[in-house]
Each structure stands twice: as C-alpha cells, then as structure tokens.
2 protein chains.
Amino acid sequence: MPTERTSAGDPARTLQLLWQDSPADRPKGPRRGLTVAAVVTAATGVADAEGLDALTMRRVAKDLGVVPMTLYTYVPGKAELLDLMLDAAYRRMPRADTAGAPWRDRLTAVAEENRALYARHPWAAAVSTARPPLGPGLMAKYEHELAALDGLGLDDVTLDACLTHLLTFVQAWARAAADARAAEQDSAMDDRQWWEANGPLLARVLDEEAYPLAVRVGAAAGAAHGGAYDPEHAYTFGLGRVLDGFAPLIDG
Amino acid sequence: MPTERTSAGDPARTLQLLWQDSPADRPKGPRRGLTVAAVVTAATGVADAEGLDALTMRRVAKDLGVVPMTLYTYVPGKAELLDLMLDAAYRRMPRADTAGAPWRDRLTAVAEENRALYARHPWAAAVSTARPPLGPGLMAKYEHELAALDGLGLDDVTLDACLTHLLTFVQAWARAAADARAAEQDSAMDDRQWWEANGPLLARVLDEEAYPLAVRVGAAAGAAHGGAYDPEHAYTFGLGRVLDGFAPLIDG
DNA sequence: CCTGTACGCAGTACATTGTACATCGTACGG
DNA sequence: CCGTACGATGTACAATGTACTGCGTACAGG
C-alpha cells in the first residue's frame with residue numbers, strides 16, 4: 001500500500017491536464033461520454049464521503065456508470081487523478097482578503113482556510129505533497145498565502161519558511177484529527193470506550209511507581225478533555241504556539 | 001490501502017503481547033521455531049531497509065525462512081505486529097538525562113531523540129498513533145519526555161499539550177523528509193531534476209503577472225536551498241519556532 | 001454517398017496483498 | 001505407548017491497479 005502522493009506520474013502529461021493545455025477536440029472517433037472534470041468530481045465525492053481507502057478506480061467508474069478501464073482514456077492513472085483532485089480542491093478554497101489587518105489575524109485566517117479545506121476534504125490531509133501538483137489551484141493558494149506574510153519585514157526565504165511551518169502544523173493537526181475519527185470508526189469504539197477497554201488491562205501491568213509523571217499527567221489531560229483526544233483544543237493551543245513562535249521574527 | 005495505524009487489533013491480546021504477560025510455555029505440541037521478538041525484529045528490518053510498503057507478511061516470513069501463515073501463530077495479524085514494532089522501537093530509544101539544564105536544551109534533546117528515532121526507523125513517522133501502542137516502550141518514552149517539561153511552572157494539561165505539540169512537529173517534519181526521499185526514489189529524479197523537468201513546462205502556462213509573490217519567493221527559496229527541499233533547514237527553523245512558541249508560557 | 005481509420009469503450013487477465021480454512025505432523029502427559 | 005493439543009503448511013479468496021485485446025463509432029477524403 002504505497003503512501004498516496006502527488007506528482008507521481010508523468011510531469012508533462014500531468015501539467016497538461018492541470019492547465020488544460022489542449023482544448024483541441026479530437027474530431028475522430030466516437031463522442032466522449034465524460035469529461036476529465038466529471039471524473040475528478042466523482043473521485044472527490046467518493047474520497048470525501050468514504051475516505052482515500054475507498055477511492056478505487058472501480059468505485060469511481062461505477063459512480064459514473066462506466067467500466068473501470070474507461071477512466072484511463074481521461075486520466076493516465078490514479079496518481080494523476082489524485083493530482084487533479086487536490087489542485088481542484090485548492091482552486092475552490094475561499095480566500096479572504098485580510099490586507100491591512102494585524103499579522104496574527106492574517107495568519108489565523110490562512111490557518112482557518114486550510115482547516116476548512118481539510119474539513120471539507122479530509123483525504124487531502126493524508127496526501128503527501130513533497131512534490132506538489134503544480135496547477136492553477138496550488139499557484140493561487142500559494143500566492144494568496146504569501147500575501148498574508150508579505151510586508152512584515154521578513155526576507156523571502158524566511159517568509160517561505162514561516163508559511164511552510166504554519167501549513168505543516170495545520171496539516172499535521174488535520175491528519176491527527178482524521179486519524180482519530182478513522183480509529184473510532186474502524187474500532188466501533190470512541191475514545192472513552194477504548195480507554196475503558198484498555199484501562200483495567202493496562203492497570204494490571206503498569207507499575208505506577210515506575211511512571212509517576214505519565215500517570216499524573218495522563219490522568220490530568222484525560223480528565224480535562226473528557227478522557228478523549230480533543231482536536232479543538234489541540235488546534236487552538238497549537239496555533240497559538242505557532243504564532244507566538246513567529247512573534248520574535250516579526251515584532252522584533 | 002488503509003492508513004497504517006497502531007492499536008487496530010484486539011486490545012486484550014495486544015496488551016498481552018506488549019507486556020509479555022504470558023511467559024507460561026505451552027508444553028504440548030511441536031517446539032516453536034521462532035519467537036515473537038524474532039518476528040518483530042525481522043519485520044522491523046524489512047521496514048527499515050525498504051519502507052512500510054515493502055512490509056508484507058510474505059516478505060517477513062521469507063526472511064525468517066517460514067511460510068507466511070506461520071507468522072499468525074506468533075502474532076494475531078499485521079496490525080498487532082505494527083504495534084509491537086513501534087513499541088519496541090520506542091523502548092530502544094536512548095534517553096539522555098538533561099536534569100538541571102535550561103529548558104530549551106532539554107526540549108531540544110527530546111526533539112533530537114525523536115529525530116534519531118525517525119532516522120533509524122523512517123516508517124515510524126508514517127504510522128498513525130491516534131491510539132498509541134500502550135506498551136512499556138511508549139510508557140518509558142512518555143515518562144522521560146514529560147520529565148523534560150516538568151518543573152517549569154506549567155500545569156499538567158498545558159504540559160501535556162506542549163509535549164504533544166513538540167512531538168507533532170518532529171513527526172510532521174520526519175514525514176515530510178521521508179516523503180521527499182520516497183518521491184526521489186520512486187521518480188528516479190532528485191528535486192533539482194524534477195524542477196528542471198517541470199520548470200520549462202510550467203513557465204509556458206504560468207502567468208508571472210498573476211502570481212508575482214509566488215514567483216519571487218519561490219525563486220528565492222529555491223535558490224537558498226539549492227533548488228531543492230531542504231529538510232535540515234526546515235527542522236532547524238521549525239524547532240526554533242516551536243521553542244519560541246513555548247517561551248511566553250514558561251519564561252512568563 | 002461511402003469507406004478507411006483513429007479513437008473511445010468494454011472485457012478479460014494478472015500480480016500482489018492479508019488472512020480464513022483445512023490438513024498434517026509432532027512431541028509431551030498420562 | 002499413544003492420544004491430543006498445537007505449530008506449521010498449503011490452498012484459496014476477495015480486492016486492487018492497470019496492461020492488453022478487441023469492437024464499434026463517426027468524421028475526412030474521395
């Protein structure tokens with residue numbers, strides 16, 4: 001099961017698809033029953049509703065009423081389809097204009113936009129973008145987010161590093177939240193039930209003398225969040241730390 | 001391809017394996033040719049050398065000179081095997097004693113220990129620990145890392161949140177670094193070659209008027225790191241931001 | 001109008017995965 | 001000395017991405 005990754009296909013073909021470089025309709029042959037956009041939309045629908053694991057070529061084809069192999073006349077393969085899905089998702093992101101606002105508000109807005117992206121498309125958090133899909137969606141997103149950090153006195157390299165750091169935090173958080181939801185679904189146990197199932201067993205082997213801090217802090221954290229992982233708290237706390245981490249660079 | 005996840009199996013059985021609750025040898029039947037530890041070691045070796053994708057039950061069995069199904073007499077399934085692998089890796093982590101050192105040094109040491117873990121076991125970064133393997137390795141790790149943050153005036157809930165934030169950063173960084181390496185291997189192109197392949201094609205469609213910041217900052221960042229993603233810089237910069245983010249909470 | 005050809009669509013097929021199931025053989029307790 | 005419990009084996013299945021092979025369609029040139 002390879003990790004899902006963008007830009008795993010042929011660069012030229014992928015870029016052509018991303019920028020729709022060839023609107024030149026082929027006159028020969030039977031009429032096309034679908035469009036690339038329709039395939040991307042269907043695939044996104046599957047991934048949104050049932051996760052990346054459920055995103056199979058067979059499933060997308062079924063939703064479109066065609067046989068699996070038909071998809072391959074629109075898209076070179078699953079890797080390129082993922083690129084198209086992600087760039088399209090980027091393209092659809094709302095981009096609030098926060099020009100003139102304090103920098104913390106501007107960066108908070110960027111974080112929120114990304115959080116909303118992952119809320120709408122949880123699968124997007126799981127995709128590795130070591131080599132991003134170089135499409136119009138990513139470009140618009142990058143330009144917009146750089147603007148939120150521009151003019152604060154940071155040099156370009158630091159500016160890029162700050163943006164990467166912020167986006168890495170939001171993505172890591174989204175992954176953790178999605179993983180928690182997935183674990184809950186797969187095990188048919190919520191966090192509380194899971195701890196209730198493990199706690200007594202763990203207590204039998206766990207030497208409280210050996211792990212005093214773990215027991216004390218673990219209990220406190222568990223009690224504070226109702227015994228469960230609390231994504232909301234992790235996000236709020238983490239974003240605060242990230243912004244405080246930027247302050248020395250920006251405020252001087 | 002489900003996301004790799006810990007604690008996906010039966011809690012009771014998993015905990016028993018993790019804590020080796022039943023050293024009671026069964027007298028009946030043929031002698032056991034292997035041990036659970038041998039299976040875990042072999043599996044870790046495969047994952048270390050060739051990544052999680054290459055970690056298949058067949059492959060581990062082959063390395064051990066047995067038929068795939070034999071593994072199932074030692075381990076309930078692949079999910080539990082992953083738990084054992086991860087907890088064992090946690091158990092083997094060196095834990096430096098930094099008592100008395102300044103808090104930044106102590107947290108830097110924790111970060112370094114985790115970075116070393118992911119350097120030795122890149123697959124560990126990819127495993128979701130939404131529900132961690134509750135074994136002796138994790139407990140020792142948790143206790144040790146809490147100690148690095150204890151006594152700084154943080155309440156227990158904040159202490160736990162800070163540790164989570166730090167570990168999330170290191171893991172996210174390790175994932176990015178591993179993804180970059182994997183992309184390089186799979187595509188047989190390093191970052192520079194990839195950009196050389198995509199750059200000219202991208203230039204044809206990319207309107208520089210439309211994305212001035214992206215072009216400017218992208219060029220600057222690319223030039224600074226030799227045209228490639230620079231994990232070392234991302235780690236150093238990111239860890240600095242994380243620690244600066246804690247400063248207001250700790251230094252007051 | 002007619003026909004050749006290029007191309008969209010469909011069906012079959014294969015390698016790879018985790019693991020359920022049934023079978024076989026071993027070696028200790030009585 | 002032998003029954004039985006249990007470890008090891010081999011076969012089998014469902015799901016996946018996608019290569020390959022046809023089949024039929026519909027436009028271009030005559």
Side-chain angles (χ1 to χ4, degrees), chain A residues 1-5 8-10 13 17 22 24-39 42-43 46-47 50-85 123 186, chain B residues 1-6 8-10 13-14 17 22 24-39 42-43 46-47 50-85 123 186:
Chain A
M1 69 200 49
T3 304
E4 308 288 357
R5 181 178 15 255
D10 175 48
R13 186 97 171 72
L17 278 166
S22 66
D25 289 18
R26 311 270 191 328
K28 283 292 185 61
R31 219 149 299 167
R32 315 206 74 178
L34 301 170
T35 62
V36 174
V39 173
V46 172
E50 302 172 47
L52 264 194
D53 296 353
L55 179 66
T56 68
M57 298 301 269
R58 284 171 170 81
R59 178 62 200 283
V60 175
K62 196 175 167 188
D63 283 10
L64 289 167
V66 295
V67 92
M69 287 312 294
T70 299
L71 301 181
Y72 288 85
T73 67
Y74 295 90
V75 160
K78 201 188 180 187
E80 291 83 354
L81 177 55
L82 248 186
D83 280 29
L84 294 172
M85 290 168 62
W123 51 270
D186 289 2
Chain B
M1 64 201 52
T3 303
E4 307 288 356
R5 180 176 18 253
T6 54
D10 174 46
R13 186 97 171 72
T14 305
L17 278 167
S22 65
D25 291 18
R26 310 271 191 326
K28 282 292 185 63
R31 218 150 299 166
R32 314 208 75 179
L34 302 169
T35 63
V36 175
V39 174
V46 172
E50 303 173 45
L52 263 194
D53 297 352
L55 179 66
T56 68
M57 298 301 269
R58 284 170 171 82
R59 178 63 201 281
V60 175
K62 197 176 168 189
D63 282 11
L64 289 168
V66 296
V67 94
M69 287 312 292
T70 300
L71 302 181
Y72 289 86
T73 68
Y74 295 89
V75 159
K78 199 187 182 186
E80 291 82 355
L81 177 55
L82 248 185
D83 279 29
L84 294 173
M85 290 168 62
W123 52 268
D186 289 4

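As the structure is a computational prediction, the values presented were derived from the model and not from experiment. Each chain gets a letter, A, B and so on, in the order its sequence line appears, and its residues count up from 1.
- No engagement by B:Leu81 is indicated, since no non-hydrogen atom pair under 4.0 Å with the nucleic acid exists.
- Nearest nucleotide to the B:Lys78 side chain, out of C:dG18, C:dA10, D:dG10: C:dG18.
- Between the side chain of B:Arg32 and the main chain of B:Thr73, a donor-acceptor pair closer than 3.5 Å is present.
- Side-chain atoms of A:Arg31 and base atoms of C:dG8 include no donor and acceptor less than 3.5 Å apart.
- Checked against D:dT9, D:dT25, C:dA10, the side chain of A:Pro30 finds its nearest nucleotide in D:dT25.
- Heavy atoms only, all atoms of each residue included: A:Leu71 and A:Ala61 are closest at CD1-N, 3.8 Å.
- Among the nucleotides C:dG11, C:dC9, D:dT18, the one closest to the side chain of A:Val67 is C:dG11.
- Among the heavy atoms of the strands lying under 4.0 Å from B:Thr56 are primed sugar atoms or P, OP1, OP2 only; no base atom is included.
- At the phosphate of C:dC9, OP1 or OP2 sits under 4.0 Å from a side-chain N or O atom of A:Tyr74.
- Shown here for B:Glu80 and B:Thr14, the closest heavy-atom pair between the two residues is CG-OG1, 3.5 Å.
- Nucleotides of DNA chain C nearest to A:Arg58 and A:Val66 differ in position, and the one nearer the 5' end is that of A:Val66.
- With hydrogens and angles disregarded, a donor-acceptor distance shorter than 3.5 Å links the side chain of A:Lys78 to the backbone of A:Leu55.
- Residue B:Leu71 is classed as having no contact, given no heavy-atom separation below 4.0 Å to the nucleic acid.
- For the pair A:Met57 and A:Met69, nearest-nucleotide mapping onto DNA chain D gives the more 5' position to A:Met57.
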